[in-house]
Number of protein chains: 2
Amino acid sequence: MKKITIKDVAKAAGVSISAVSRVFNGYEDISEETQKKVFAAAEKLEYTPNSAARHLSTKKKKIIALVLNEINVTRGVAMPLEILGGVIDSVDQTDYEFMFIPTDRKKQEKKSLLQLAREYDLSGIIIQGLRTSDPYYGELSALPLPIVGIDLALDDLNIGSVAVDNYGASIEVTERLIHAGYKKILFVNGSKEAVVSQTREAGYRKGLGQYKPHVLYADYQEQKAFDLIYEYPDLTQFDAIYAASDLMAIGIIKALIQRQMMNEIAVVGFDDITLASYITPTLSTVRQNISEITKNAVSDVIEQIEEGRVRKRLVPYEIIVRESAQF
Amino acid sequence: MKKITIKDVAKAAGVSISAVSRVFNGYEDISEETQKKVFAAAEKLEYTPNSAARHLSTKKKKIIALVLNEINVTRGVAMPLEILGGVIDSVDQTDYEFMFIPTDRKKQEKKSLLQLAREYDLSGIIIQGLRTSDPYYGELSALPLPIVGIDLALDDLNIGSVAVDNYGASIEVTERLIHAGYKKILFVNGSKEAVVSQTREAGYRKGLGQYKPHVLYADYQEQKAFDLIYEYPDLTQFDAIYAASDLMAIGIIKALIQRQMMNEIAVVGFDDITLASYITPTLSTVRQNISEITKNAVSDVIEQIEEGRVRKRLVPYEIIVRESAQF
DNA sequence: CTGAAAGCGCTTACAG
DNA sequence: CTGAAAGCGCTTACAG
């Protein structure tokens, strides 16, 4: 493939490469005639400035990276895709460049976040899906770089965060269940390492008040949640099950149906994934507004980059009542 | 954020920058001692070669880009995510770099594929989600660059393609329906512009043989498919409906249930999205093996880059019989 | 085995 | 308003 560089355009337009560069960067002090010649030549040659060269020579870079951890774990859960799409759309409306950096445990061990930031001259990072046990998690506080975590509750005041109000939502779910007469509530949590898990569990415990907590862990997996409930010795001690994710709630519903106990136990999930409204019975759950989250994440990193202000932001949730739990 | 460059490492290690570069690029003719000093210095400084500088100065670039069109159209359909994850995993196992380029109509109009390729010095492109009406679609044939389309049936022998055998699958679905006694089959297609739509429809027509085709279009939308079937004047003229996507099939099932006709009409979908096995009745469909598709797409672009061989590849499908159609 | 130097394709003070 | 030149951080023949 033939390379077309700024020199080719300059020659074709009969001007210097400085002139071409200035035209492409929207400088004001360029005669209209030069602009026209440059654009004409560029168009004819299908010229685009080379990204690497531009990045290398430009002073103030404007690149926001979205670092997504473990995106391909669960088939059928489109949340990382929604986040990706949302962040892309938001960044597109600014003059920042977008960069997508998928990661996982192995990659984290090979290259630190700081190295990643240096490698690509990042201006700021939005990161999602981290567990407390991830290498990047420990690195966060020391990072000399604007950073916003999604679903990441760190006390560190230098790290931005945007998350649905997991704590408040869990309190409300629990309290409403209690008010509706469900006082023996089992909480099926994901993993102890996920920050969201901890927060949701804390809300559940808070919401319970005087009532006794019961917590099991199913690692955010439908099958594990199914097994847990299917094999649980004495389910009659519960009248409601609140799961930290819809997928686990669905596993629980299947197990309850098998055990013919769906009528005796209410089930509430979290996320409002697509499946929630398609299964039978339809699933009551807490909806996260992903596009609200991504919009804020982007505007917050930019604010952090440009003004240094760090925000801890909670995005409102919505409780969706469907067939699996009336409360 | 302090920049650490090759100079800092060279100074810290007490060698020239050439030596540092050679060590990082795995050259053989470097004394072990130099290697150790360089690695020690690099580690201490958390140095990583700057990507832009490296790209600019290196001769043979090795970058494979995944261009995904319109990723955020349908909530709950995780296929683009599966493709993304699959391509990332495959590229990770090679010495090529991965780059993600999301696009849409507007972006396509602003920057051509050729310009994109030049901007990032791409070695090869994997592209998915194109419709025949997209600007990039028309550009494909003239692109002087290794390219593999997913779900893209172009006659052009210079463009690689990997796709499930849409034609064969549609023939088999149709023929099996006929053999099972369903001879009045309605085909609900997506859009006329999508290449996959055309291929699936062709298979349907072929499989019908002597029987009469009936085709409607619902733009791959559940709601449109629902409306179409819900309002269709005389459904008794059909005994089966074959939809070009699961999502439309689900809309159709909902409409048939509303009209109390689910028992009289068999429904078959395409894709095997997660929802297919969760709805009631569970959906018979054609499964695409996404990971097989992505694996082949990556190995095919690389083969095209390195050896110039272009493949047109069909990946096997699997017909999944569930409750909505026994055939 | 090692270093000095040219060059990758841009941007941006600087001088005119 | 315009061009020549330095510099961004690397890689890679080249000479030793």
Side-chain angles (χ1 to χ4, degrees), chain A residues 1-39 41-42 45-63 95 97 115 117-123, chain B residues 1-39 41-42 45-63 95 97 115 117-123:
Chain A
M1 194 177 61
K2 187 161 176 303
K3 272 202 176 176
I4 302 292
T5 75
I6 198 171
K7 279 190 201 164
D8 301 306
V9 179
K11 193 182 297 174
V15 299
S16 72
I17 63 163
S18 327
V20 176
S21 177
R22 284 199 199 89
V23 169
F24 265 82
N25 288 292
Y27 280 51
E28 302 280 284
D29 57 343
I30 285 281
S31 76
E32 217 170 290
E33 207 197 316
T34 302
Q35 286 192 37
K36 268 190 202 136
K37 284 192 293 185
V38 167
F39 279 133
L45 297 170
E46 285 203 63
Y47 168 74
T48 326
N50 178 271
S51 165
R54 190 168 219 173
H55 279 143
L56 189 56
S57 58
T58 206
K59 293 289 179 235
K60 27 123 215 50
K61 336 265 166 164
K62 298 197 142 200
I63 310 178
D95 58 342
E97 237 180 276
Q115 286 179 315
R118 284 197 182 132
E119 181 171 5
Y120 300 115
D121 274 323
L122 305 178
S123 325
Chain B
M1 195 177 60
K2 189 164 174 302
K3 271 202 178 177
I4 301 293
T5 75
I6 197 170
K7 278 189 200 165
D8 301 306
V9 179
K11 192 182 296 174
V15 298
S16 72
I17 64 162
S18 329
V20 176
S21 177
R22 285 199 198 91
V23 170
F24 264 83
N25 288 292
Y27 279 52
E28 302 282 284
D29 57 342
I30 284 280
S31 75
E32 217 169 291
E33 207 197 318
T34 303
Q35 287 192 35
K36 269 192 201 134
K37 284 191 294 187
V38 167
F39 279 134
L45 298 169
E46 284 202 61
Y47 167 74
T48 327
N50 178 271
S51 165
R54 189 169 220 171
H55 280 143
L56 188 57
S57 58
T58 208
K59 293 291 179 231
K60 26 125 217 47
K61 336 265 166 164
K62 297 197 143 199
I63 310 179
D95 58 341
E97 238 181 276
Q115 286 178 314
R118 284 196 182 133
E119 181 172 6
Y120 300 114
D121 274 323
L122 304 178
S123 325

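Residue numbers begin at 1 in each chain, while the letters A, B, ... track the order of the sequences.
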Per [X] side chain, nearest of listed nucleotides [options]:
| X | options | value |
| --- | --- | --- |
| B/Lys3 | C/dC10, D/dT12, D/dG9 | D/dG9 |
| A/Arg22 | D/dT11, C/dG3, D/dG3 | D/dG3 |
| B/Thr58 | D/dT11, C/dT2, D/dC10 | D/dT11 |

To the nearest Å, give me how far apart [atom1] ([X]) and [atom2] ([N]) are.
| X | N | atom1 | atom2 | value |
| --- | --- | --- | --- | --- |
| A/Leu56 | D/dC10 | CG | C1' | 7 Å |
| A/Asp29 | C/dG16 | CG | C1' | 14 Å |
| A/Tyr27 | D/dC1 | OH | C1' | 14 Å |
| A/Ile17 | C/dG9 | CD1 | P | 11 Å |
| A/Lys7 | D/dG3 | NZ | C1' | 15 Å |
| B/Glu119 | C/dC10 | CD | C1' | 13 Å |
| B/Ile6 | D/dT12 | CD1 | C1' | 12 Å |
| B/Asn50 | C/dC8 | CG | C1' | 13 Å |

Indicate, with a heavy-atom threshold strictly under 4.0 Å, whether [X] touches base, sugar-phosphate, or nothing.
| X | result |
| --- | --- |
| A/Ser31 | sugar-phosphate |
| B/Phe24 | nothing |
| B/Ser21 | base |

B/Lys62 atom NZ: more than 12 heavy-atom contacts under 6.0 Å =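 Counting neighbours around NZ of B/Lys62, more than 12 heavy atoms of other residues, nucleotides or ligands fall under 6.0 Å, so yes.
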
Could you grab the distance from atom CD1 of A/Ile17 to atom CZ of A/Arg22, nearest 0.5 Å is fine?
->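 It is 10.0 Å, given to the nearest 0.5 Å.
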
Taking any strand in view, what nucleotide pairs with C/dA4 in a Watson-Crick or G-U wobble way, both distances under 3.5 Å?
->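 Matched C/dA4 with nothing under the 3.5 Å cut-off.
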
Which base sits across from D/dA13 as a Watson-Crick or G-U pair, both distances under 3.5 Å?
->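 Its partner: none found.
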
May I ask you to evaluate whether [X] reaches the phosphate of [N], defined as a side-chain N or O under 4.0 Å from OP1 or OP2?
| X | N | answer |
| --- | --- | --- |
| B/Tyr120 | C/dG9 | no |
| A/Asn25 | C/dT11 | yes |
| B/Arg54 | D/dG9 | no |

Which residue lies more 5' along DNA chain D, comparing B/Thr5 with A/Gln35 via nearest heavy atoms =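 Result: A/Gln35.
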
With side chains defined as the heavy atoms from C-beta onward, is the minimum distance between [X] and [Y] less than 4.5 Å?
| X | Y | value |
| --- | --- | --- |
| A/Arg118 | B/Ile4 | yes |
| A/Glu97 | A/His55 | yes |
| A/Val20 | A/Val15 | yes |

Please state whether the base of C/dA4 and the side chain of B/Ser16 form at least one donor-acceptor pair under 3.5 Å?
->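 There is none.
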
5′-ward residue of the pair A/Ala52/B/Glu28 relative to DNA chain C |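 That would be B/Glu28.
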
Is the shortest distance from a Lys or Arg side-chain nitrogen in B/Lys3 or B/Asp8 to a carboxylate oxygen in the other one below 4.0 Å?
->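 A salt bridge is absent here (no side-chain N lies under 4.0 Å from a carboxylate O).
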
